[in-house]
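Let me begin by presenting the structure, written as structure tokens, before commenting on it.
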Amino acid sequence: MLVCVFQIKAILARKREADRLALERVKERANKEEQERASRAVAGVNHLEIPAELAFIFSKLDEWQCVHNERNVTKVVGEVAKSVYPEYRLPSDIDQHAFTKFTNVYFKAHIWGMKREPIKTPFLAKTNESDYQCSLALFKLILRFMNDNNLSGKKERILGDYIVQKGLLNETMRDEIICQLCNQTWKNDNEANNERAWILMANCLSCFAPSRHLYKYLLKYVSDHAYDGYKAHCQKSSSDTEARTRRPQDVPALPPGMEV
């Protein structure tokens with residue numbers, strides 16, 4: 001009987017220690033995320049307006065429940081296998097497509113390089129006022145995604161998805177979004193801030209393709225300048241989505257992980 005009491009006490013002691021370590025890991029992760037959010041801001045964005053429809057979505061986030069949660073996750077023991085991308089062969093003429101050549105021709109109203117303030121004109125020419133204004137609004141959202149220290153969780157995901165959705169719905173905005181992101185990553189010395197733009201770039205390229213005349217310039221840019229860990233993904237995604245545009249039927253791109 002005495003042995004059983006000691007065993008129970010030992011089990012309880014181990015459980016308390018495990019709970020303590022788990023709590024410390026949670027606090028450490030929260031502190032790390034807070035430091036990352038604080039370090040990524042290179043521009044003030046709290047004064048930037050957001051579209052009414054996005055503001056409405058934000059106001060309903062507390063009521064929203066994700067369809068996919070921990071109940072849909074199968075827990076396994078051991079390490080999770082990392083994604084392995086096969087070696088990708090670049091086009092033989094890729095070195096002739098430096099992104100600066102593209103900027104010299106098409107960025108007529110902009111100096112190539114990261115910006116801390118909203119733009120007053122789109123990077124690329126627009127044929128109607130709606131696309132013109134949409135370009136300006138999207139750049140503000142990109143600034144917010146990259147610099148908002150309070151952006152996390154559901155709001156972060158919704159903002160990123162909203163930007164991607166604009167490209168999915170309007171083909172003429174796709175090159176504009178991609179060019180804005182390339183501009184914000186060029187010589188961006190703030191690693192946390194730079195990575196935020198590459199996260200958004202990776203999501204965009206997973207869902208829609210650049211135009212034919214931008215494709216090789218973009219491929220050259222991501223091959224030379226993608227943030228650590230994003231090069232292979234962006235190379236493959238831009239090539240896969242570009243290949244989909246060659247199909248005779250207009251098959252809409254699906255979010256990452258949902259391709260058939």
Are W186 and F99 near enough that their ring centres are under 6.0 Å apart? no
Can you list the steps and then say if R196 with E156 is a salt bridge (Lys or Arg N to Asp or Glu O under 4.0 Å)? CA-CA 11 Å; R196 298 288 297 170; E156 177 182 54; 2.4 Å; yes
Checking Q133 now: which residues fulfil side chain to side chain donor-acceptor pair (under 3.5 Å) with it, not counting sequence neighbours? E129
Salt bridge (charged side-chain N to carboxylate O under 4.0 Å, His left out) partners for D228, two or more places apart: none
Quick one: side chain to side chain donor-acceptor pair (under 3.5 Å) partners of T103, sequence neighbours excluded? none
Test item: L136 and P118 side chains (from C-beta on) under 4.5 Å apart, heavy atoms: no
Name all residues meeting the salt bridge (charged side-chain N to carboxylate O under 4.0 Å, His left out) criterion together with K15; count only those two or more places apart in sequence or in a different chain, and write none if there are none. D19
Q184: which residues meet the side chain to side chain donor-acceptor pair (under 3.5 Å) condition with it, sequence neighbours left out? none
Which residues pass the side chain to side chain contact (heavy atoms under 4.5 Å, CB included) test with Y227, not counting sequence neighbours? E191, N194, E195, W198, Y230
What residues, two or more places apart in sequence or in another chain, satisfy side chain to side chain contact (heavy atoms under 4.5 Å, CB included) together with I57? I158
Test ring pair (Phe, Tyr, Trp, His ring centres under 6.0 Å) applied to H97 - qualifying residues, sequence neighbours left out: Y217
My understanding is that only residues two or more places apart in sequence, or in another chain, count here; which of them pass side chain to side chain donor-acceptor pair (under 3.5 Å) with N128? D131
With K231, which residues qualify under salt bridge (charged side-chain N to carboxylate O under 4.0 Å, His left out), at least two apart? none
Test side chain to side chain contact (heavy atoms under 4.5 Å, CB included) applied to E17 - qualifying residues, sequence neighbours left out: R20, L21
Is there a donor-acceptor pair closer than 3.5 Å between any side-chain N or O of E176 and the backbone N or O of Y132? no
Sequence-distant partners of P51, side chain to side chain contact (heavy atoms under 4.5 Å, CB included), two or more places apart: E53, L54, L141, Y162
Under the 3.5 angstrom rule, does the side chain of R174 hit a backbone N or O of F208 as a donor-acceptor pair? no
